[in-house]
Amino acid sequence: MPRTAGRPEQQPHAPHRIALIGFMGSGKTTVGRLVASRLGYRFLDLDTLIVENARKSIREIFNEDGEEVFRQIETEALYSLREMHRLVIATGGGAPIRQENQEFFENLASTFYLEVSYNEFFKRTGQDHARPLLDRTEKQLKGLYKSRLPVYRSLGQRILTDSRKPEDIAAEILKILVVP
Ligand code: S3P
């Protein structure tokens, strides 16, 4: 595997695929668009791809087919990108958790983890009805947040996002990629 994959280190050329991971509300889509535009790469939001392919919303997939079917579709959508070049991918918050998906983040993309604190996540997402996971109680959400942190941290280079502008976060990622 070329050294452009996995946790990004200082590297002279931008890698073929850049993946952004992190909890809901961490800004993956906004930051991903900025990074892609700066690199002249294509931007893809994995949830949008899933919705287009399934021709129904994430909530409809969860309600009608169940979370396990959603996770299977998510894995297929992720690996459908494995050959694509010059791409920035914003993934759904649960994508890195499924073990089958972890090879993608380790070996097939340079992965950045956008870290948002629990409180900031709660403020940013509010009562967003499009996200089925937000139907859970606060205690369950806190548990989910805590359980995911170590996985995110092990798969991606950690970038803090609280109280920061998307432009600054994108600039930090570009600096790590050594894009002048
Ligand atoms: C999910 C996050 C969502 C979406 C789905 C499940 C999760 O994406 O994939 O609702 O498990 O955290 P965002 O992280 O873009 O909100």
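Any value given below was found using the heavy atoms of this structure, including those in side chains, with hydrogens, waters and symmetry copies removed. Numbering of ligands and ligand atoms starts at 1, following listing order.
- Atoms of ligand 1 lying under 4.0 Å from any heavy atom of Arg131, numbered from 1 in the order shown and given with element: 16 (O).
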Evaluate salt bridge (charged side-chain N to carboxylate O under 4.0 Å, His left out) for Arg38 paired with Glu172, printing each intermediate quantity in order.
-> CA-CA 12 Å; Arg38 179 71 179 71; Glu172 183 178 345; over 6 Å; no
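- Close approach of ligand 1 to Lys28 is summarised as follows: ligand atoms under 4.0 Å from at least one heavy atom of the residue are 13 (P), 14 (O), 15 (O).
- Aromatic ring pairs are classed by plane angle as parallel below 30°, tilted from 30° to 60° and perpendicular above 60°; the pair His16 and His85 is parallel.
- Across every non-hydrogen atom of Phe105 and Pro96, the tightest pair is CE1-CA, 3.6 Å.
- The closest side-chain donor-acceptor pair between Thr125 and Arg131, if any, does not fall under 3.5 angstrom.
- At the shortest separation from atom 12 (O) of ligand 1 among protein heavy atoms lies Arg148 NH1, 2.7 Å.
- Looking at Leu20, Asp47, Val51, Leu46 and measuring to atom 9 (O) of ligand 1, the nearest heavy atom belongs to Asp47.
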Please assess Arg33 against Asp45 for the test salt bridge (charged side-chain N to carboxylate O under 4.0 Å, His left out), listing each intermediate value before the final yes or no.
-> CA-CA 9 Å; Arg33 276 188 205 289; Asp45 181 277; over 6 Å; no
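- Each of the following atoms of ligand 1 lies closer than 4.0 Å to a heavy atom of Gly92: 8 (O), 9 (O), 14 (O).
- With 3.5 Å as the limit, one finds a donor-acceptor pair spanning the side chains of Gln72 and Glu76.
- Each of the atoms 5 (C), 10 (O) of ligand 1 lies under 4.0 Å from some heavy atom of Ile58.
- Two residues are said to be in side-chain contact when any heavy atoms from C-beta on lie closer than 4.5 Å; Thr161 and Arg124 meet this criterion.
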Before giving the answer on salt bridge (charged side-chain N to carboxylate O under 4.0 Å, His left out), spell out for Arg71 and Glu74 the whole-Å C-alpha distance, their side-chain angles and the decisive distance to 0.1 Å.
-> CA-CA 5 Å; Arg71 296 299 173 198; Glu74 186 175 49; 2.9 Å; yes
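- Looking only at heavy atoms of the protein, atom 7 (C) of ligand 1 is closest to Gly94 N, 3.3 Å.
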Going through the distances and angles, do Glu120 and Tyr118 end up as a side chain to side chain donor-acceptor pair (under 3.5 Å)?
-> CA-CA 5 Å; Glu120 184 71 18; Tyr118 181 82; over 6 Å; no
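- Remark: ligand 1 atoms within the under-4.0 Å shell around heavy atoms of Pro132 are 10 (O).
- Within ligand 1, the atoms closer than 4.0 Å to a non-hydrogen atom of Arg71 are 6 (C), 7 (C), 11 (O), numbered from 1 in the order shown.
- Any N or O atom pair closer than 3.5 Å counts here, and Thr91 shares no such pair with ligand 1.
- In terms of polar-atom proximity, Gly93 is counted as a contact of ligand 1, with an N or O under 3.5 Å from an N or O of the ligand.
- Residue Glu67 places every heavy atom at 4.0 Å or more from ligand 1.
- Against a heavy-atom cut-off of under 4.0 Å, Leu133 is close to the following atoms of ligand 1: 7 (C), 11 (O), 12 (O).
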